[in-house]
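Inspection log for the structure reproduced underneath, given as structure tokens.
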Amino acid sequence: MVRGHLTRRGLGLAAGAVLLAPRTARAGSNRLTIAQTQFGPVRLSPDGPVLSARGIPYGADTGPLRFLPPAAPPLWTEPLDATDYGPASPQRGGEPNQSEDCLRLNIWTPELHAGSRPVIVYIHGGAYSTGSGSSPLTNGARLSARGDVVVVTLNHRLGPLGYASLARLTGFARAFRESGNLGQIDLVRALGWVKQNITAFGGDPGCVTVVGQSGGGAKIATLMAMPAAVGLFHRAVTMSGQQVTASGPLNATRRAEVWLEALGLTPDRIDEVRTMPVERLIEAAGATDPILGGSLYFGPVLDGRSLTRHPFWPDAAPQSAHIPMMIGNTREETLAFLGGDPANAGLTWEALPARLTPSQMRIDVAPEEVVAWYRREHPGMSPDQVLIRAATAARSWRAAVIEAEMRAEQGSPAFVYQLDWASRLPNGRTGAFHTSDIPLMLDNVAAEGSGAVGPAAQAMADRMSDALLAFARTGDPNHAGLPPWTPYSLERRETMVMDLPPRMADDPRGDERRFFGRIPYIQPGT
């Protein structure tokens, strides 16, 4: 198979170009399937029980367009041999195959015919700095076959390439005006591509569900407040990923200044970032964040242009009030971050307060008070268990509760779940930790990297993936494998506890919610 030739002509092709009907040919037992997109034909290949196409460009190479909004990809004429995942955005860490030519997406579909299937678009986590849509845990083949749906994963710009806010340092020069939210603008372009092209892959552009875990969920919460995203998706699922507030423009600018300093640049030399080796730009992102500590935080910015309000402050964005939403968290989120740290092994009550640092709880509260409260109200917990539960309750779970409350106040309540079913970390520790709902929700418990082990793993995945499929199809996650699931209200705080058996609970961990709710919560990074 020969990869299609990309050409430069047609960059301005109208977004509403008519899609040609997909063509299917059969040669013996080999099924050769070609879908026609507005940019060129794409060849799909068998992938287990479904068809897949990987690495499809939804935007042009961002290298020549560094710090500019994404452009349409070049047209191609020969069928694109879409058998390999596209590059991930340049980033720190060990993600393979990195390139600025990263605006690529992947599709799994049971069959090509006139678009009718619900579409699930999964947005990867890794905060706003790492990750890709190429993980075995997010492979869409099983979910596509299970639910007769079209599944899409994608890559977009990350870190300083996607979120360095340079506008104020350049007098809002056109070349940098949108730089603080380019990663989000990439997502808008990807969802626009889906709207215009997914019919050719058997999907319904009027029934698109966005799903994201961790940073992916935060990106979705931000999209729910972006005017450019209106009409591009119809349901939203956030898994342990929230964005109550975006970064303010002054804090974002201060971070950009520190990043430039790490590059050895002054603002009058800022144009040099457009031609520097990308490795230097990513390395400089390791400089110390002037607000949070740790490496530099890059995330959405309240820039008054692409993002004109905070996602969930002072209320839930009205533009998304009509969009059904599912909000999830895991009971021991921070076990994923703290459970493998040797410094936490054999933790004592005397040593615990020093481990409950502001970087762990992300709020201004005396750790001694926190420890005393848990020892009084939960006397059966060990010091290690208190570390995990307190860091979880004060940190990411707080934002999930705030978002659920805001939706309830808006009159468009969310379906809320809490994962209690325990997975296993590589070091053998068990719990419902951050990321442990990914293989369950996407029906990939046997995939590389899954912590869902044991004979009950598939039964748990059956319940969670069927909830996602029901929600994608109807906006309601109820199905025969769950007890009746009612939306979250401020009176009862209804929550589906995902366990075996699953159960509905009113205000689970309510005492922790009330204890930490006395203390103002500030979204990390803002």
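Sequential numbering from 1 along the given sequence is applied to the chain's residues.
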- Task: Compare all side-chain heavy atoms of Thr138 with those of Ile438 and state whether any distance is below 4.5 angstrom.
- Result: yes
- Message: Counting C-beta onward and ignoring hydrogens, is there a side-chain heavy-atom pair between Ile522 and Ile363 closer than 4.5 Å?
- Response: no
- Query: Under 4.0 Å between a Lys/Arg side-chain N and an Asp/Glu carboxylate O for Asp186 and Arg157?
  - Reply: yes
- Item | cation_pi(Arg398, Tyr521) dist<6.0 Å, angle<=45 | no
- Mark yes or no for whether Asn155, through its side chain, and Ser132, through its backbone, hold a donor-acceptor pair below 3.5 Å. no
- Query: Considering all heavy atoms of both residues, which atom of His156 and which atom of Leu103 are nearest to each other, and what is their separation?
  - Reply: CA-CD2, 4.1 Å
- Do Gln360 and Thr334 have side chains that get closer than 4.5 Å, going by heavy atoms? no
- If we only count heavy atoms from C-beta on, is the Tyr374 to Arg389 side-chain gap below 4.5 Å? yes
- Are the side chain of Gln410 and the backbone of Ser412 linked by a donor-acceptor contact shorter than 3.5 Å? no
- Item | Check: Arg142 side chain, Asp443 main-chain N or O, donor-acceptor pair, under 3.5 Å | yes
- Minimum-distance pair of heavy atoms, taken over all atoms of Ala467 and Trp485: CB-CZ3, 4.2 Å
- Item | Backbone N/O of Ile291 and side chain of Tyr297: donor-acceptor pair under 3.5 Å | no
- Gln184 and Tyr128: side chain to side chain donor-acceptor pair (under 3.5 Å), yes or no, with the steps? CA-CA 10 Å; Gln184 296 299 122; Tyr128 295 92; 4.8 Å; no
- Leu356 side chain reached by Glu369 side chain, heavy atoms, under 4.5 Å: no
- Charged N to carboxylate O below 4.0 Å: is that the case for Asp507 and Arg514? yes
- Gln98 (side chain) donor-acceptor with Glu95 (main chain) under 3.5 angstrom: yes
- Message: With a 3.5 Å distance limit and no angle check, can you tell me whether Asp47 reaches the backbone of Val50 through a side-chain donor-acceptor pair?
- Response: no
- Message: Has Asp341 got a side-chain atom pairing as donor or acceptor with Ala343's backbone, closer than 3.5 angstrom?
- Response: yes
- Query: Within a radius of less than 6.0 Å around CG of Asp364, do more than 12 heavy atoms belonging to other residues, nucleotides or ligands occur?
  - Reply: no
- Message: Could you tell me if the side chain of Leu154 sits less than 4.5 Å from the side chain of Arg189, heavy atoms only?
- Response: no
- Task: Using a strict cut-off of less than 4.0 Å between a Lys/Arg side-chain nitrogen and an Asp/Glu carboxylate oxygen, indicate whether Arg429 and Asp384 qualify as a salt bridge.
- Result: yes
- Item | Flag for His434-Ser214: side-chain donor and acceptor within less than 3.5 Å | yes
- Can you find a pair of side-chain heavy atoms, one from Arg513 and one from Trp397, that are under 4.5 Å apart? yes
- Query: What residues, two or more places apart in sequence or in another chain, satisfy side-chain hydrogen bond (donor to acceptor under 3.5 Å, both in side chains) together with Gln91?
  - Reply: none
- Message: How close do Leu440 and Val445 get, counting heavy atoms only, and between which atoms?
- Response: CD2-CG1, 3.8 Å
- Query: Within 45° of the axis and under 6.0 Å from the centre of the six-membered ring of Phe515, does NZ or CZ of Arg518 qualify?
  - Reply: yes
- Close side-chain approach of Gln418 to Met496, heavy-atom, < 4.5 Å: no
- Query: Within the side chain of Ser89, is there an N or O that forms a donor-acceptor pair under 3.5 Å with the backbone of Cys102?
  - Reply: no
- Give a yes or no on whether the backbone of Arg463 and the side-chain of His479 come within a donor-acceptor separation of less than 3.5 Å. yes
- Message: Has Asn106 got a side-chain atom pairing as donor or acceptor with Gly55's backbone, closer than 3.5 angstrom?
- Response: yes
Under 3.5 Å donor-acceptor pairs involving side-chain atoms of residues 309-328, not counting sequence neighbours:
unit_1 : atom_1 : unit_2 : atom_2 : d
Arg309 : NH1    : Asp315 : OD1    : 2.9
Arg309 : NH2    : Trp313 : O      : 3.3
Arg309 : NH2    : Asp315 : O      : 2.5
Arg309 : NH2    : Asp315 : OD1    : 3.0
His310 : ND1    : Ala246 : N      : 3.0
Gln319 : NE2    : Met224 : O      : 3.2
Gln319 : NE2    : Met226 : O      : 2.9
Ser320 : OG     : Met224 : O      : 2.6
His322 : ND1    : Gln319 : O      : 3.4

- Under 30°, 30 to 60°, or over 60°: which ring-plane class applies to Phe201 and Trp193, parallel, tilted or perpendicular? tilted
- Message: I need the full list of salt bridge (charged side-chain N to carboxylate O under 4.0 Å, His left out) pairs touching residues 327-339, with sequence neighbours left out, sorted by first then second residue.
- Response: Arg331-Asp420
